Amino acid sequence: MKLGDRVEVEFRNRKYDATFVNQEGGIITVKLRSGYNISVPEAECRIRLVQEAPRVEEEGAPGTGNGSVVILTTGGTIASMVDYATGAVRPVKDPRIILRGAPEIAESGEVEVREVMNVFSENMRPADWVRLAREVALEMERGKRVVVAHGTDTMSYTAAALAFMFEGLPSPVVLVGSQRSPDRPSSDAPLNVAAAVKFSSLPIGEVGIAMHGSISDESIVLHRGVRSRKMHTSRRDAFRSIGIPPLASLSHGNVSLEGHARAPSGAVRLNGRLDERVSMVYVHPTLQGSDLEAMADGRRALVLMGTGLGHCSSTLYDSIGRLVRDGVHVVMASQCIGGSVNMNVYSTGRELQSIGVLPAEGMLPEVAYVKSMYVLANYPEERFAEALLTDLRGEVIQREVQL
Amino acid sequence: MRGQKIGLEIHFQLNTGKLFCRCPVEGHQETGTRFWRTLIPVQSEMGKMDRAAIYERNRSRVFEYIVTDNSCLVEMDEEPPHEVDRKALLTAIAVSRALHCDVLPVISYMRKVVIDGSNTTGFQRTAVVGMDGYIETSQGRVGISTVCLEEDAARKVKEEAGRVTYSLDRLGIPLIEISTEPDIKDEDHAVEVAESIGYIVSYTGSLRRGAEAIRQDVNFSMGHGRVEIKGVSRLSLIREVIRWERGRQENLARAISEWRSRVRGPSRVKLKDVTELFRGTGSRVIANSISSGLHVYASRLDGLSGLLKSGEYRIGRELSEVVKAFGYGGLMHSDELPAFGITGGEVERVRQELGNPDAFMICTSPADNAGNLEAEMNWKLSMLFAMDFSETRAASEDGETRFLRPLPGGERMYPETDVPYIFIGKGMLDEADSMVAPPKHELVRSISGRYGISSQDAEILVNEGMLRAFQYLADETGNPRLISRLLLQTVPEKRKASKAQVSDDDIYGLILSGSRLGWVRDSFEAALDRLFRGEGKESILSDISLRPMGEEELRNLARELASRGVQRKSLVPEARRVSGRPFDPSVLLKLFDEVGGNPSSGAR
C-alpha cells in the first residue's frame with residue numbers, strides 16, 4: 001500500500017474508511033475522514049485496499065531559469081521537507097517551495113535552485129567543502145551570485161573552509177540555514193532565504209551566514225563566516241557574530257552594510273587544497289595525556305580548546321611536549337569562545353608556550369581548526385605558525401572593542 | 001426540529017502542567033519580552049492546501065506575542081516540544097474510559113494547521129486518545145466520536161488592521177477535546193449532554209478552574225452545510241446560540257431563494273477604487289480610513305437590492321463580516337445608504353461610477369490587499385448562492401454568531417514529527433481507571449453518607465469540581481461539615497465580594513494549615529476574609545489573634561460576662577464583641593454553665 005490509497009482498516013471490531021499514510025516499525029498509520037491520523041500496531045488490525053491513490057502530479061520542475069542568483073542546496077533543515085510516506089526527510093528542489101513566504105523573489109525569475117548534495121551537515125567532510133567550493137566557483141565564473149542552503153549544525157565550519165579556500169571573491173558567498181523546517185507555517189527559512197538572496201548582491205568579497213538576528217521575524221543578519229558560531233541548539237537567532245558586529249542586516253526590506261566588510265576582488269580564485277589531518281580536543285578535568293596522543297595520532301595539527309585564556313592541566317604537559325617533538329603543531333584556542341587567548345598572563349600559559357604550544361590568539365577554535373587544514377596544505381611546514389596567526393580573511397581579532 | 005443536526009465539541013483545560021513543556025498552567029505576568037512573527041500556510045501530507053489556511057494567508061497579518069512568566073522557549077516556538085505531560089495523558093485516558101471509548105494503543109500527535117497566529121508554530125498539536133464511545137442521556141445514547149488531548153492556543157489580547165497581539169500565558173495548557181456525534185436532539189438536550197460530560201471530566205480532579213476552563217463549540221446544521229460555532233463560553237449560552245443560528249439560516253435561505261429567482265448566478269464582487277469620490281467626505285468613518293492610508297472601494301451587487309438589509313433579510317451583514325474579519329472596518333451597502341455621514345449625492349456618484357446597478361457596496365481596505373478581500377467576498381457570495389452556509393463562526397456573549405473563517409478541511413492536519421509515538425500499556429490504563437467517574441447519583445449518595453453532609457451539598461461539591469479538595473480537607477481536618485460550609489458558603493461569598501485573584505491552592509492551603517493550628521470556624525472565616533482582601537497566606541497564618549482562645553481564657557471570659565449579667569442567648573455575640581478573638585461557641589456555653597452564668601435574666 002502507498003500514501004494516499006483508500007483503505008478499510010478493521011481494528012477492535014470496528015471498520016474505518018481511511019487513507020493510508022505509512023507503515024513503519026510495526027505501526028500502521030492511516031488518516032481518518034476527520035483528518036486525524038491514527039496509528040495502530042500491525043498485529044492488531046486488518047487493512048484492505050479499497051482504491052489506489054490517484055496519480056499525484058509531480059511537484060513543479062526544479063528552477064532551471066536563467067536567474068542571476070543560484071541557490072545551491074546541500075541538504076539540512078532548510079532544504080528539506082518531511083516525506084510523509086517514509087518519514088524521511090527529502091530535499092526541496094522547487095524554488096517556489098524554498099522561497100515560500102517570499103513570493104516576490106520566487107516569481108521574479110531571478111533565482112534558480114540546484115542541488116549539490118543532500119546530507120545532514122553533521123555528516124559533511126572536508127572533501128564536501130571542496131566539492132561545494134568548486135560548484136560555487138563554477139557558478140561565479142558564469143557570472144552568478146551564489147547562495148548556499150546548508151544545515152546549521154556545521155554551517156560555520158563550512159563557511160570558514162570556503163572563506164579560506166576562496167582567495168579571491170568578486171561577490172559574496174552567502175550561506176543560509178533554518179532552525180524550523182520549511183514544512184512548518186512558522187519556518188524561518190523563507191525570510192532567511194529571501195535575505196540571503198538580497199545579501200548576495202552586496203559589494204563585498206566575503207563568505208557570510210544569513211540567519212535571523214532575533215527571535216522575531218524582523219531582521220536578518222549576515223555574519224562573517226570566520227567569526228560566526230551556532231550558539232543555541234534551537235533558537236532562530238542561534239548564530240552570532242563573535243567579537244565583531246555582523247557584516248550587514250536586512251530589516252523591513254532595507255539592507256544596511258557595515259563598514260568593516262571586505263571589498264570584492266576582481267575574479268574568483270579558488271584554492272581547493274586542504275589537509276584533513278587536524279583534530280580538535282575540548283580540554284576537560286579528566287583529560288589524560290594518552291587521550292591527547294590518541295587524538296593526535298596521524299595528525300599534523302591538534303587544536304586544543306583550552307580553559308580560560310588558554311590553559312590545560314599540567315598533567316598533560318609531557319604528552320604535549322612529545323607531540324610537539326614529533327612534529328605535531330599544537331594550537332591553543334579557548335573554550336570561552338568570546339575573547340582572545342593570552343598565554344602570558346599566568347605562568348602555566350608561559351610554560352605551555354615554552355613547550356611549543358602555539359596560541360590561537362583572537363581566533364575562534366573551529367576557525368583555527370579549519371584554518372590549520374588550509375595552512376598545512378598550502379604553506380611550507382616551517383611557516384605554519386606565521387601563516388596561522390596572520391589575519392587572512394578577517395578571522396583574527398587584534399583589537400576587540402566593546403560591542 | 002426536522003433535519004436539524006447538533007453536535008458538541010467541548011474543551012476542558014487541565015490543571016496539570018503545560019502539555020509539551022514543564023511550565024505551570026497558572027501565571028500571566030508579563031516578563032517584558034515581546035516578539036513578532038509572520039506565518040505561511042503549508043501543505044499537508046496529501047499535498048492539498050486547506051481553504052482556511054489560504055484565507056488566513058490572504059489576510060497577511062503580523063503577530064505580536066507577549067511572553068509571560070508561565071511560558072518558555074517551547075511556547076515561543078524556539079525549542080522543540082518536550083514529552084507529553086503524563087498526568088494530562090492519564091486524565092484523557094480516564095475520560096475516554098468513562099465515555100466508553102476505545103483507548104488507542106498508540107497515540108500519535110498531529111499538527112492541525114491554524115495560522116491565525118493563535119499558535120506560534122502555526123499549528124496546534126493534537127492527538128486522538130479515545131474514539132467511538134457514547135454517553136447515556138435522558139433521550140438515549142449520544143455518540144462520542146473522539147476524545148483528544150491537545151494544546152490550548154494563545155490568548156488574543158488585541159486586534160487591529162494587519163496586526164494581532166497574543167499573550168503566551170494560555171498557550172500549551174492541556175485541553176481535553178470531546179466531540180460528540182450529531183445525535184443531539186435540540187438545545188435543551190445539548191445542555192444536558194454538556195453537563196454530563198462536564199461531570200466526567202471534573203471527577204478526574206484535573207479540571208482547571210476559572211472562567212475560560214470550559215469552552216464549547218457547537219456544530220449545527222439544518223440542511224445548508226455544517227456551521228461550527230466556536231467559543232460558547234457558558235452552558236446556558238448553548239441554547240441561545242442554537243436558536244439564534246437557526247433563525248439566521250432560515251432568514252438567509254428565504255433571502256437567497258428570492259435572489260436566485262432574480263439572477264442566474266451569484267453576483268461577482270469587483271472592487272473599484274473610489275477613494276477620489278470621497279476626498280473631503282463628511283463621513284467620519286470614511287475620512288478616518290482615508291487618512292490612515294486605506295482606500296475606499298465599491299462594487300456592484302447585482303440582484304441583491306432589498307436583500308442586503310430589509311426586515312429579516314440580511315445578506316449585507318454576511319458580506320460585512322468578511323470585511324470585518326480582515327480588520328478593515330465594515331461594509332456599507334445600498335439598502336442602508338445614505339447613512340453614516342455619507343450623503344445622497346455621494347451615493348449617487350458611486351452608483352453612477354459603477355454603471356447604475358440595483359445594489360452596491362462600499363468598504364475600505366489597504367490597496368495591496370484589496371484583491372484578496374475581493375476573492376474572499378466572491379467565495380462567500382458563491383457559497384451563499386449555492387445555499388451552502390458551512391463555515392466557522394464565533395459565538396458572542398449575547399448569543400449571536402459571526403463569521404470567523406472558512407471551515408477547515410480534514411487536510412489541515414499532518415503528523416507532528418517532533419513527538420514520538422506514545423504506547424499505552426495496561427499499566428497506564430489501570431492507573432487511569434482510578435480517575436473514571438462512577439454514575440453521578442451513586443457518587444453523591446456515597447459522599448453524603450460517608451461525610452454526613454446533605455446530598456444537596458454533596459451534589460454541589462461534585463458539580464463544581466470541588467469533590468477532591470473537599471475529601472482531602474475533610475479527611476485531614478476530621479470536620480467535614482465545617483469544610484463543606486467553608487467551601488460552599490464562605491469562599492463563594494468572599495470571592496464574590498472581592499476583586500483579588502485568589503488561587504484554589506492558596507485557599508485550600510490556608511484551610512489546611514489553619515486546621516493544624518487548631519482554628520475554629522470564626523478563625524477560618526476571618527482568615528478567608530483577609531485572604532480575599534489581598535493579604536498573604538503566610539502573614540495570616542502567623543497572626544496569633546486568629547488562634548482560638550484557650551479553655552482558661554474562655555473560662556475567665558465566661559466568668560466576666562456572667563458577672564455582668566449577660567444572658568445565655570446573647571452570650572456568644574457578646575463574647576465575640578468583647579474579646580474580638582475566635583473561640584469555640586460550644587465550649588464557651590459549657591463553661592458559662594459551669595461558672596453559673598444566668599440562663600435567662602440579669603445578675604443574681
Side-chain angles (χ1 to χ4, degrees), chain A residues 3-4 11-14 16 19 21-22 24-29 31-41 44-45 53 56-57 59 81-85 87 89 97 100-103 179-191 214-218 232-238, chain B residues 33-47 50 53 56-57 62-65 67 73-74 76-80 102 104-115 119-123 126-128 131-132 145-146 148 179 408-417 421 423:
Chain A
L3 177 70
F11 172 64
R12 293 191 183 158
N13 300 323
R14 283 201 182 85
Y16 299 98
T19 307
V21 176
N22 71 5
E24 184 187 19
I27 304 281
I28 289 179
T29 299
K31 184 182 272 294
L32 300 181
R33 286 280 107 122
S34 61
Y36 278 102
N37 286 15
I38 60 165
S39 303
V40 290
E44 290 183 40
C45 71
V56 182
E57 57 188 272
E59 244 169 42
M81 309 250 306
V82 170
D83 180 354
Y84 299 104
V89 169
I97 291 176
R100 213 162 33 94
Q179 290 281 78
R180 299 283 100 76
S181 59
D183 49 30
R184 296 161 165 257
S186 61
S187 175
D188 53 336
L191 277 183
S214 75
I215 59 170
S216 289
D217 285 337
E218 272 193 314
H232 197 275
T233 56
S234 57
R235 284 171 61 138
R236 284 164 173 74
D237 58 354
Chain B
T33 301
R34 292 187 176 209
F35 60 98
W36 295 265
R37 296 274 169 74
T38 50
L39 292 172
I40 22 164
V42 294
Q43 296 183 325
S44 77
E45 76 262 43
M46 300 305 176
D50 181 48
E56 286 296 342
R57 180 186 60 191
V62 171
F63 306 112
E64 178 182 45
Y65 298 98
V67 179
L73 290 187
V74 174
M76 295 162 79
D77 189 39
E78 288 288 4
E79 189 184 331
D102 266 338
L104 292 178
V106 183
I107 310 277
S108 53
Y109 265 88
M110 301 287 288
R111 296 171 175 178
K112 195 192 273 188
V113 173
V114 189
I115 58 163
N119 289 75
T120 46
T121 50
F123 49 74
T126 175
V128 179
M131 51 198 284
D132 297 317
S145 332
T146 48
C148 294
S179 309
E411 58 264 35
R412 68 176 172 156
M413 279 197 261
Y414 66 119
E416 169 53 275
T417 45
Y421 287 139
F423 294 87

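Residue numbers start from 1 in every chain, and the chains themselves are labelled A, B, ... in the order their sequence lines are given, proteins ahead of strands. Values in this document were obtained by computation on a predicted structure and should not be read as measured data.
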Problem set entry | Structural part of A:Ser214 lying under 4.5 Å from a heavy atom of chain B | neither
For this session: Report the residues that fulfil salt bridge (Lys or Arg N to Asp or Glu O under 4.0 Å) with B:Asp77, sequence neighbours left out, ordered by chain and then residue number.
Result: A:Arg184, A:Arg236
For this session: Could you look at B:Thr120 and say if it's the side chain, the backbone, both or neither that has a heavy atom under 4.5 Å from chain A?
Result: backbone
For this session: With rounding to the nearest 0.5 Å, note down the distance linking CD1 in A:Ile28 to CD in A:Glu44.
Result: 11.0 Å
Seminar exercise, completed: Applying ring pair (Phe, Tyr, Trp, His ring centres under 6.0 Å) to B:Phe123 and not counting sequence neighbours gives none
Exercise. Given a strict heavy-atom distance threshold of 4.5 Å, which part of B:Asp132 is in contact with chain A: side chain, backbone, both, or neither?
Worked result: both
Exercise. When only pairs under 4.5 Å are counted, which of B:Ser145, B:Ser108, B:Pro105 shares the most heavy-atom pairs with chain A?
Worked result: B:Pro105
Seminar exercise, completed: Applying a strict 4.5 Å limit to non-hydrogen atoms, the region of B:Phe423 in contact with chain A is side chain
Problem set entry | Gap between atom OG1 of B:Thr126 and atom CE of B:Met110 - 0.5 Å precision | 8.5 Å
For this session: Assign the ring pair B:Phe63 / B:Tyr65 to parallel, tilted or perpendicular, where the plane angle (0 to 90°) is split at 30° and 60°.
Result: tilted
For this session: State whether a side-chain donor-acceptor pair under 3.5 Å links B:Thr121 with B:Asn119.
Result: no
Seminar exercise, completed: Looking only at A:Asp217, A:Asp237, A:Val40, most heavy-atom pairs under 4.5 Å shared with chain B are made by A:Asp217
Problem set entry | Option that, when pairs with chain B are counted at under 4.5 Å, heavy atom only, ranks first among A:His232, A:Arg180, A:Gln179, A:Glu218 | A:Arg180
